[in-house]
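Down below is the structure, laid out as structure tokens.
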Amino acid sequence: MPARKKPESPAALPTGGKAATINDIARLSGVSKKTVSRIINHSPLVRKDTREKVEALMREVGYSPDPMARGLAFRRSFLIGMVYDNPTAQYIVNMQYGALDALRDSGFELVVHPCDSRSPGYIDGVRRFVQQQKLHGVMLVPRASEDQALADMLAEIGCRYTRIASVSMDTPARMVVTHDRDGAAEAAEYLLSLGHTDIALITGPAAYRSSIERTDGFVQALAKRGLELPKSRIIEAGYTFESGVVAAEKLLSGKHRPTAIFTGNDEMAAGVYKVAMRAGISIPRQLSVVGFDDSPLASRLWPSLTSVRRNTRDTGRTAAAMLIQPEGTPMLAAASIRPHLVIRDSSQPPE
């Protein structure tokens with residue numbers, strides 16, 4: 001094992017009026033040139049005691065870094081990328097707020113890259129984004145986070161990443177797990193506890209892992225209590241307000257309406273509200289509604305929407321914070337964001 005560098009005295013500086021260089025600072029402080037460069041560039045990837053020691057030495061010897069050299073010091077920028085393919089605007093905004101919370105005062109900034117994961121060339125587009133911006137790391141937001149080929153590409157080019165998903169899909173150091181199945185199961189248990197037996201489900205797109213987990217969690221929780229959900233009571237939609245309207249029209253247009261509807265997100269629940277209002281169906285007296293996400297929209301609807309909270313802002317904060325930890329920080333388990341049901345005014349026992 002190589003011997004550790006020993007710091008030298010400032011008296012060992014070059015004589016003859018020559019200014020100290022970054023090599024001198026590294027030699028005198030007993031650290032690598034790369035560490036000194038990180039300190040000059042305000043990188044958070046340096047221990048506090050090391051930073052204080054080197055900064056004190058630079059002040060003592062009057063060292064001033066060359067601005068041009070500073071700009072070239074890193075092959076990567078202090079930028080964290082957020083790659084997403086998600087139709088819900090509020091979800092993305094909350095995720096960004098969380099990431100910005102984590103990056104505040106860290107020296108890192110956030111840049112975003114929307115993409116269409118259905119496009120055949122989207123992975124090449126993400127590659128160009130990462131390489132052109134020289135990103136330090138990337139947050140992958142559902143549904144992009146669910147694409148193993150995208151994660152493999154980032155690993156191939158040596159870019160750090162974190163994946164946000166409803167189940168673990170990677171090593172613990174790269175995962176933030178949101179446990180969507182558990183939240184949906186809690187919603188099912190709640191509707192059953194109110195006495196509902198004619199329940200419908202509006203899901204997100206079948207290609208989304210989050211939709212699969214929420215659907216399975218809800219359906220299986222009902223089945224455990226002896227209630228099988230007929231296929232006619234399960235409508236696939238697109239995680240948007242408009243698709244929620246279309247799905248609700250299918251469920252509420254006939255004579256035999258369900259007494260309760262669980263939707264895969266709050267945007268689709270708002271679509272149910274619109275259809276119910278037009279049809280003269282009273283929420284919650286004639287129809288109970290439960291959403292998922294507990295976005296700001298949930299408390300703005302009237303009556304206020306009962307919804308599964310998964311705290312998107314905390315999720316974004318956690319994913320970004322993991323990216324700016326020093327490399328090699330041990331992670332024994334994936335980061336975990338646990339959902340829970342927030343009960344408001346949109347549900348009651350059936351008449």
Side-chain angles (χ1 to χ4, degrees), residues 34-35 37-48 51 70-86 91-115 117 122-166 168-178 312-337:
K34 184 175 182 180
T35 297
S37 184
R38 281 178 168 165
I39 292 168
I40 292 169
N41 284 276
H42 307 293
S43 167
L45 306 177
V46 180
R47 289 174 45 174
K48 183 181 178 182
R51 179 185 302 279
R70 184 181 180 192
L72 297 172
F74 283 85
R75 283 189 284 176
R76 292 191 179 173
S77 65
F78 289 100
L79 294 175
I80 298 296
M82 188 177 96
V83 174
Y84 66 90
D85 175 17
N86 192 299
Y91 174 80
I92 297 303
V93 168
N94 290 343
M95 192 71 69
Q96 289 182 57
Y97 280 149
L100 291 171
D101 288 343
L103 301 182
R104 188 172 293 115
D105 300 324
S106 70
F108 285 95
E109 300 291 342
L110 181 70
V111 289
V112 299
H113 180 78
C115 63
S117 60
Y122 98 96
I123 291 180
D124 289 336
V126 174
R127 182 196 297 269
R128 286 192 297 272
F129 168 63
V130 170
Q131 293 178 331
Q132 288 171 2
Q133 299 290 337
K134 299 180 180 177
L135 298 182
H136 173 80
V138 175
M139 295 168 52
L140 298 178
V141 176
R143 172 178 181 271
S145 62
E146 299 166 4
D147 190 336
Q148 187 59 46
L150 177 59
D152 290 344
M153 181 276 290
L154 293 172
E156 178 188 323
I157 64 174
C159 181
R160 299 178 73 172
Y161 65 86
T162 50
R163 300 169 77 173
I164 299 164
S166 51
S168 183
M169 306 179 78
D170 213 313
T171 58
R174 292 171 168 166
M175 283 304 310
V176 181
V177 181
T178 56
T312 303
R313 188 163 183 162
D314 274 357
T315 304
R317 181 185 300 116
T318 301
M322 290 167 66
L323 286 171
I324 61 175
Q325 290 179 335
E327 292 189 37
T329 300
M331 292 283 290
L332 300 180
S336 185
I337 304 293

Review point. So do the side chains of Met169 and Met175 get within less than 4.5 Å of each other, counting heavy atoms only?
Key: yes
Check your understanding: In a check of side-chain contact (heavy atoms from CB on, under 4.5 Å) between Thr315 and each of Ile164, Val177, Val141, which one passes?
Key -> Ile164
Review point. Closest approach of Ile123 and Ala149, non-hydrogen atoms and distance?
Key: CD1-CB, 3.7 Å
Revision key, fill the gap. Sequence neighbours excluded, the answer for salt bridge (charged side-chain N to carboxylate O under 4.0 Å, His left out) partners of Arg313 is Asp101
Check your understanding: Taking side chain as C-beta onward, heavy atoms only, is Ile92 less than 4.5 Å from Met82?
Key -> yes
Review point. So, for Pro142 and Tyr91, which heavy atoms are closest and what is the spacing to 0.1 Å?
Key: CD-OH, 3.5 Å
Review point. Are Tyr84 and Pro114 close enough that some pair of their side-chain heavy atoms sits under 4.5 Å apart?
Key: yes
Exercise for review: Could you tell me whether Asp152 atom CG has more than 12 heavy atoms of other residues or ligands within 6.0 Å of it?
Suggested key: yes
Check your understanding: Going by heavy atoms in the side chains, are Val83 and Tyr161 under 4.5 Å from each other?
Key -> no
**Study point:** side-chain contact (heavy atoms from CB on, under 4.5 Å) partners for Glu109, two or more places apart
**Key:** Leu79
Practice item. Using the test ring-ring contact (aromatic ring centres under 6.0 Å, His included), find all partners of Phe108 that sit at least two apart in sequence or belong to another chain. Key: Phe78, His136
Exercise for review: Kindly compute the distance separating SG (Cys159) from CD (Gln131), expressed to the nearest 0.5 Å.
Suggested key: 9.0 Å
Practice item. For Asp170, enumerate each residue passing the salt bridge (charged side-chain N to carboxylate O under 4.0 Å, His left out) test, keeping only those at least two apart in sequence or located in another chain. Key: Arg163, Arg174
Exercise for review: Indicate the atoms forming the closest heavy-atom contact of Met139 with Ala319, along with that distance.
Suggested key: CE-CB, 4.0 Å
Review point. With sequence neighbours left out, what residues match Ser117 under side-chain contact (heavy atoms from CB on, under 4.5 Å)?
Key: Asp85, Tyr122, Arg143
Review point. Can you find a pair of side-chain heavy atoms, one from Val93 and one from Thr312, that are under 4.5 Å apart?
Key: no
Check your understanding: Quick one: are Ile80 and Val138 in side-chain contact, heavy atoms under 4.5 Å?
Key -> no
Study note, to complete from the structure: In short, Ala173 meets Thr162 closest at the heavy-atom pair O-CG2, 4.3 Å
Practice item. Quick one: do Arg127 and Glu156 satisfy side-chain contact (heavy atoms from CB on, under 4.5 Å)? Show the steps, please. Key: CA-CA 10 Å; Arg127 182 196 297 269; Glu156 178 188 323; 4.1 Å; yes
Point to revise | For Val46 against Arg51, the heavy-atom pair lying closest together | key: CB-NH2, 3.9 Å
Review point. Considering all heavy atoms of both residues, which atom of Leu103 and which atom of Ser106 are nearest to each other, and what is their separation?
Key: O-OG, 2.6 Å
**Study point:** Counterpart residues, side-chain contact (heavy atoms from CB on, under 4.5 Å), relative to Leu100 (two or more places apart)
**Key:** Leu110
